[in-house]
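Notes for the one structure printed next.
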Amino acid sequence: MKFNKIYFVLLMLLVVASQSCSDMNDLTDKYLDEGEITYAAKVDSVGVRAGENRIQLDVYVKAQRVENLRVYWNNYEDSVDVEIGGKTGVFPIMLDGMPESGYLFQLVSFDKFGNRSLEFEATGSSYGESYKNSLSNRTYITEFTHYDVEGDSMVIYWGGTVRGAVGMELQYTDTSDKTVRMEVPADATTTTLYNLKGNISYNSRFLPEENAIDTFISTSKSIPVYYERPIDKSNWKIVGFSSASASPEWPATNAIDGDINTPWHTEHNPTAPFPHYFIVDMGEVVDISSFEVYRRMDDSGGAQPTHQIFYAESLTDPTDADDAGWMNYGIYNLDNVVDIPQFSRAANVVKARYFMYYVASNSRSSYAYIGEIGAYSPAGDGLSH
């Protein structure tokens, strides 16, 4: 009797196990009946190159089993088919009419039996008006450019480089009335023009991405040209100065001696209060179109950030900074780093025999100093083109 019970239990376990195996087979048999799934080869890589309202895909196919390729974007709403024909290599695909935006691409390849591959994803962008409106031209350091009539040339001192810029194109008219176009490197510090008649304009060229297929051009910017001659300084004299300008080591006469390396420096032992100034008698009345100032070459740490210039055709007392005949030429910034001349220019040409270099205050130190000061007159009848 005991043996029959054991036999019955074993029999029941065998029935349950058989039923379980049958249920498991039911889950897999339907897939086995469909046959093995065959995938086509995927593309190996995709390079995405940005353009102006277009994008180029450089698709690299290594396998010889790819007959066609389909590219999807905009959540599969848009697509394009490309014939590969079992070839290998890089296949450029140009997608035109792509509004400015970022895109996600899904690439699916097909073999000659119609089998499709798993997806290959790539991202990229197109650029348009929004990007173009964000572009700015490179600046030039001197706000008003000066043409050297004696040397028949002009130097443009460029400001800092602009991100994304790959070059500049500069255009002007020469003395033979021909239009001259120049390619200027994006990182050029200076550009010298010769035989210039005027009408300078320039723009910058940009690549939004390093491997972009299109170059974007900024809006052209004009550069004014001022035709001037330096005023002879041989008869200039210092006729007045503040007590703080009487430094025995760096007298005010250093500012007009023609040497940018011999600075004028205010008294520093003891330090006198502001304002600091010196007055120049040019010996005759001249037309002044601009002043040029050089910073102190051997020290820039405490240079005044701004200076003011006064002028007069006649004065009751040329040595007096408070004489009623002084007229304000303007307040101008002074860059204490650059070694180039910095021009101070009023809106109009003025007549003057005297001028005063004047520093009312200095946020950097108690002193004032420059390397040299000079003045220019218009060359002939024309001042600006």
Side-chain angles (χ1 to χ4, degrees), residues 139 141-144 157 159 233 236-257 259-282 288-313 315-348 350 352-376:
T139 61
I141 294 176
T142 49
E143 181 61 27
F144 300 99
Y157 297 91
K233 298 163 68 170
W236 287 16
K237 295 179 181 180
I238 300 293
V239 295
F241 50 81
S242 62
S243 60
S245 297
S247 169
E249 298 177 81
W250 304 290
T253 53
N254 281 0
I256 60 172
D257 65 357
D259 187 351
I260 64 174
N261 295 304
T262 56
W264 159 69
H265 194 302
T266 57
E267 186 64 61
H268 56 86
N269 190 18
T271 300
F274 288 95
H276 303 326
Y277 65 87
F278 60 82
I279 300 171
V280 177
D281 180 357
M282 294 183 287
I288 296 180
S289 54
S290 69
F291 290 90
E292 69 171 5
V293 176
Y294 285 86
R295 73 170 184 90
R296 180 182 173 183
M297 294 292 109
D298 61 344
D299 186 2
S300 61
Q304 60 275 14
T306 62
H307 57 239
Q308 190 169 7
I309 298 175
F310 293 88
Y311 70 97
E313 192 169 350
L315 295 168
T316 302
D317 182 1
T319 67
D320 185 3
D322 295 321
D323 191 285
W326 287 114
M327 291 180 283
N328 183 21
Y329 191 79
I331 298 175
Y332 300 92
N333 294 328
L334 180 68
D335 190 323
N336 67 329
V337 177
V338 298
D339 294 340
I340 63 175
Q342 301 179 58
F343 285 89
S344 302
R345 189 185 303 278
N348 301 303
V350 300
R353 172 173 175 168
Y354 307 96
F355 72 85
M356 176 168 55
Y357 185 83
Y358 187 91
V359 180
S361 63
N362 188 350
S363 60
R364 296 169 179 159
S365 71
S366 300
Y367 315 123
Y369 47 78
I370 59 172
E372 189 76 12
I373 188 169
Y376 285 84

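Below, all heavy atoms of this structure are taken into account, side chains as well, without hydrogens, waters or symmetry copies. Owing to the predicted nature of the structure, the values given are computational and were not obtained by experimental measurement.
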Do you know the tightest heavy-atom contact between [X] and [Y]?
{"X": "Ile370", "Y": "Ala255", "result": "CD1-CB, 4.3 Å"}
{"X": "Pro341", "Y": "Glu292", "result": "CB-OE1, 3.4 Å"}
{"X": "His307", "Y": "Val293", "result": "CE1-CG2, 4.0 Å"}
{"X": "Ser366", "Y": "Thr271", "result": "CB-CG2, 3.5 Å"}
{"X": "Pro318", "Y": "Val239", "result": "O-CG2, 3.8 Å"}
{"X": "Ala346", "Y": "Tyr332", "result": "N-OH, 3.6 Å"}

I want to check something: taking the side chain as every heavy atom from C-beta on, are [X] and [Y] in contact at a cut-off of under 4.5 Å?
{"X": "Arg345", "Y": "Ser289", "value": "yes"}
{"X": "Trp264", "Y": "Phe241", "value": "no"}
{"X": "Val280", "Y": "Lys237", "value": "no"}
{"X": "Pro305", "Y": "Arg364", "value": "yes"}
{"X": "Met356", "Y": "Trp326", "value": "yes"}

Between [X] and [Y] (side chain of the first, backbone of the second, donor and acceptor by atom type, cut-off under 3.5 Å), is there such a pair?
{"X": "Asn362", "Y": "Tyr367", "result": "yes"}
{"X": "Ser290", "Y": "Ser344", "result": "no"}
{"X": "Asn254", "Y": "Pro263", "result": "yes"}
{"X": "Ser242", "Y": "Tyr277", "result": "yes"}
{"X": "Gln308", "Y": "Asn328", "result": "no"}
{"X": "Thr266", "Y": "Ala368", "result": "yes"}
{"X": "Lys233", "Y": "Ile373", "result": "yes"}
{"X": "Ser365", "Y": "Gly302", "result": "yes"}
{"X": "Asp323", "Y": "Asp317", "result": "yes"}
{"X": "Asp299", "Y": "Gly301", "result": "yes"}

- Message: As a quick check of understanding, evaluate ring-ring contact (aromatic ring centres under 6.0 Å, His included) for Tyr354 and Trp236, giving each step before the final call.
- Response: CA-CA 9 Å; Tyr354 307 96; Trp236 287 16; over 10 Å; no

Measure the spacing between [atom1] of [X] and [atom2] of [Y] and express it to the nearest 0.5 Å.
{"X": "Asn348", "Y": "Ile288", "atom1": "CG", "atom2": "CD1", "answer": "13.5 Å"}
{"X": "Ile340", "Y": "Ile260", "atom1": "CD1", "atom2": "CD1", "answer": "11.5 Å"}
{"X": "Asp320", "Y": "Leu315", "atom1": "CG", "atom2": "CG", "answer": "8.5 Å"}

- Task: May I ask you to decide whether Glu372 forms a salt bridge with Arg296, counting only side-chain N to carboxylate O separations under 4.0 Å?
- Result: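 No, Glu372 and Arg296 are not salt-bridged.
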
- N-O pairing of Arg295 and Asp335 below 4.0 Å: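 No, Arg295 and Asp335 are not salt-bridged.
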
Is the [X]-[Y] ring centre distance short of 6.0 angstrom?
{"X": "Tyr357", "Y": "Phe278", "value": "yes"}
{"X": "Phe343", "Y": "Phe291", "value": "no"}
{"X": "Trp250", "Y": "His268", "value": "yes"}

- Item | Worked check of side chain to side chain donor-acceptor pair (under 3.5 Å) between Tyr294 and Gln342 | CA-CA 6 Å; Tyr294 285 86; Gln342 301 179 58; over 6 Å; no

- Query: In chain order, what residues pass the ring pair (Phe, Tyr, Trp, His ring centres under 6.0 Å) check against Tyr358, with sequence neighbours excluded?
  - Reply: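 Expected list: Phe310.
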
- Check: Asp257/Thr262 side-chain N/O donor and acceptor closer than 3.5 Å: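 Yes, because at least one side-chain N or O of Asp257 sits under 3.5 Å from a partner of the opposite role on Thr262.
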
- Are His276 and Phe274 close enough, and set up right, to give a side chain to side chain contact (heavy atoms under 4.5 Å, CB included), and what steps lead you there? CA-CA 5 Å; His276 303 326; Phe274 288 95; 3.3 Å; yes

